[in-house]
Every structure is written in structure tokens, then in C-alpha cells.
Amino acid sequence: MNFWFKKEASRKFIDLIRRASSWWANWNPSIQITVSSIRPMFYGILSHGHGLQAGDYGEIETTSGQFVKEGNIYTSSDQSIVDLTAQFQLVSEPVLDKYIISSSSAKQCELGADIGVNVAGVTNAYLKGQWQFNQSRGAFLIMHMPRITRVPDEFLAESLSRGLLKGKTLVTHVYSCPAYALYLSNKTNETVKIALGADVPSIVAPGVSPGAEIGTKWVDDGTAGLLQKGYNDEAVFFPLYSIRKITKRKIRRESFDENAPRGDFWANVEAPWGFLDDDGEEEVIEYMDDSDSD
């Protein structure tokens with residue numbers, strides 16, 4: 001099967017971004033997070049929905065790396081959770097100008113002043129970038145004007161003390177934005193340019209002044225891998241999130257400290273897979289049997 005149609009493609013992208021930032025990437029930033037949404041993403045496909053939300057809980061699907069939602073604490077029917085969420089509402093952080101994450105095999109380069117104006121139909125680039133890739137698969141994620149929405153720390157502390165949500169993987173932070181672009185390279189020597197700017201029509205419509213800006217769009221050049229991009233007047237895309245799970249704290253005997261914290265805590269969730277090769281397949285580590293060597 002073609003790599004781009006396999007679940008391992010999304011897992012490889014998610015793994016590259018997670019290793020570069022400790023955040024989890026959403027392979028389908030405009031798709032509502034439900035079990036039925038876990039499918040390969042084709043160029044240009046968009047689906048309506050509320051998308052990933054802080055307070056969602058579920059699990060990471062091991063083969064695809066995507067989050068499978070089971071519910072949300074703010075719409076829960078469990079009265080003990082309802083009582084707690086009524087006290088601690090979601091918190092929205094200030095809007096950032098941009099947030100860009102590049103994997104170790106994606107080299108971000110300096111741009112010439114012409115990027116954004118040398119591509120037909122675009123001027124006044126708000127956001128632009130250029131990356132060089134080699135024959136190892138690489139990735140980048142760009143967000144324009146992103147904002148974090150998060151579950152408040154007070155809820156996490158109180159839910160822990162009350163013994164709630166044990167065994168649940170909780171989405172604690174979500175980035176939303178009105179424009180995003182994500183790219184997974186094709187294991188070739190690529191130089192990818194991308195810009196977000198004003199859309200200037202080549203043919204001026206009646207009543208529109210020459211040079212007038214009509215909307216906003218992404219433009220790109222040099223892509224050989226998989227590029228997803230989106231723009232909207234509202235922050236309807238959810239490209240990045242953080243997940244935690246209640247975990248029992250491990251105490252090593254050799255480094256025992258009577259003052260060290262004990263008991264359960266909300267821990268960042270680790271990937272449920274080992275080292276991945278360039279095609280998103282988990283590499284099998286073979287250990288040499290000492291009995292075979294004399």
C-alpha cells in the first residue's frame with residue numbers, strides 16, 4: 001500500500017513533531033475528533049465539527065498515533081465531575097503571533113525578500129518559511145495566530161485528590177488557530193517554500209480597484225511530500241495538543257529521599273511505540289545472545 005494511505009504516515013508525522021517539541025500533533029486539524037474520523041487524510045478534504053477540545057479524554061490509537069475521543073469532562077454526566085468542572089472553567093491564554101515546529105531533519109533556512117511576492121496571486125505575506133530536507137523523512141508544523149485553551153491546574157489538583165479520572169488520558173491543552181500548514185517530506189532532497197498572504201486576483205472584477213486584496217491564502221513551492229493547509233476567519237483548526245494521565249510515582253530504592261513527593265500525579269503521556277523508521281514502522285531491536293559468541 002502507498003505510504004500516504006497508511007496509518008503509519010500520520011504516526012510518523014506525530015512522532016517527529018512530538019520529539020521536537022513534546023507536544024502531540026493532530027494529523028487532521030479540521031476534523032472532529034471521533035472514532036469514525038480515524039482514517040487517511042487526502043489533499044483538500046475538510047470536515048466540519050468542533051474539533052479537538054481541552055477536556056476531551058480517550059486514548060492514543062497505537063498504529064495511527066491519533067487521539068480517539070471517548071468524552072469530555074465539561075459535558076460529562078458524572079455528577080462528581082460536573083461539580084468540579086462547574087468550579088474550574090477552561091482558561092484561554094493570549095494569542096501568539098505564530099508558532100513553528102520543525103523536526104531535526106527539517107532545516108529551516110533564511111528567506112530572500114521575494115518569498116510571498118514571487119508566487120502568482122500573493123502579496124504582503126503575513127507568515128513565510130523555507131525548509132531543506134534530506135533523504136530522511138522530516139516534518140514541520142506552522143500555526144498563524146495560535147492560542148492555547150487549557151484545563152486549569154486547580155481542576156487537575158482537585159481531581160487527583162478526589163481520585164477522579166484514573167485510567168483516562170486527558171487533553172489538558174489545545175492550540176487553536178485560524179491558519180495552519182503541516183508538511184511531511186518524501187525522503188528526497190527537497191527545498192520547500194510556503195507563505196500565507198493576501199490573495200490578489202489576476203483578473204480584476206468590476207468595481208474592485210487594481211491591486212486590491214481579496215481574502216487570504218497559502219501558497220507553496222517545491223513540495224514532494226504531503227502538505228495540508230487551511231485558512232479561516234475564525235480559529236477553527238486544532239493542530240497541537242498536550243495529554244496527561246494519572247500515574248503512580250516511582251521511587252527508586254538506591255535514590256530514596258524521604259522528602260520526595262509520593263503517590264499519584266498527572267504525568268505527560270509517552271508514545272505507545274518505540275523508535276520508528278522513516279516509514280513509521282516500529283523498529284525491532286535484536287539483542288545478541290551471549291551464548292552464541294565464544
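In this chain, numbering begins with 1 at the start of the sequence shown.
Between K168 and E70 there is a salt bridge, since at least one side-chain N of the basic residue sits less than 4.0 Å from a carboxylate O of the acidic one. The pair E270-K245 fails the salt-bridge criterion, with no side-chain N (NZ, NE, NH1 or NH2) lying under 4.0 Å from an Asp/Glu carboxylate O. A salt bridge does not link E8 with K12: none of the charged nitrogens is closer than 4.0 Å to a carboxylate oxygen. The pair K6-D279 fails the salt-bridge criterion, with no side-chain N (NZ, NE, NH1 or NH2) lying under 4.0 Å from an Asp/Glu carboxylate O. Using a cut-off of 4.0 Å between Lys/Arg side-chain N and Asp/Glu carboxylate O, D220 and K229 are scored as salt-bridged.
Taking the six-membered ring wherever Trp is involved, the centroid distance between the rings of Y175 and F238 does not fall below 6.0 Å. The aromatic ring centroids of F133 and Y183 lie less than 6.0 Å from each other. Separation of the W27 and F13 ring centroids falls under the 6.0 Å cut-off.
Across every non-hydrogen atom of V171 and F67, the tightest pair is CG2-CZ, 3.7 Å. Minimum heavy-atom separation, R137 to D278: NE-O, 2.6 Å. The nearest pair of heavy atoms linking R11 to G65 is CB-N, 4.2 Å. Between Q108 and S102, the shortest heavy-atom distance links the atoms OE1-OG, 3.9 Å.
The environment of E234 atom CD is sparse: at most 12 non-hydrogen atoms of other residues, nucleotides or ligands sit within 6.0 angstrom.
Rounded to the nearest 0.5 angstrom, K187 NZ and N134 CG are separated by 12.0 Å. Taken from CD1 in I246 to OG in S159, the straight-line distance is 5.5 Å, to the nearest 0.5 Å. Put simply, CG on D83 and CD on E158 are 11.0 Å apart, with the number rounded to the nearest 0.5 Å. Atom OH in Y241 sits 6.5 Å away from atom CG in L52 (nearest 0.5 Å). With rounding to the nearest 0.5 Å, the separation of CD in E61 from OG in S10 is 8.0 Å.
Ring geometry, H173 versus W23: the interplanar angle exceeds 60°, so the pair is classed perpendicular (tilted spans 30 to 60°).
Counted by atom type alone, T188 and N186 present zero donor-acceptor pairs between their side chains at under 3.5 Å. There is no side-chain donor-acceptor pair under 3.5 Å between N72 and Q53.
Under a hydrophobic clustering in which Ile, Leu, Val, Met, Phe, Trp and Tyr are joined whenever their side-chain heavy atoms come within less than 4.5 Å, directly or via other members, M145 and V236 fall into different clusters.
Geometrically, R18 engages W24 in a cation-pi contact, judged by NZ or CZ lying under 6.0 Å from the ring centre and within 45° of the ring axis.
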Distance-only donor-acceptor hits, side chain of residues 88-95, under 3.5 Å, sequence neighbours excluded:
residue	atom	partner	partner atom	Å
Q89	NE2	T85	O	2.7
E93	OE2	R150	NE	2.6
E93	OE2	R150	NH2	3.4

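Partners of T191 under the side chain to side chain contact (heavy atoms under 4.5 Å, CB included) rule, at least two apart in sequence or in another chain, are Q130, Q132.
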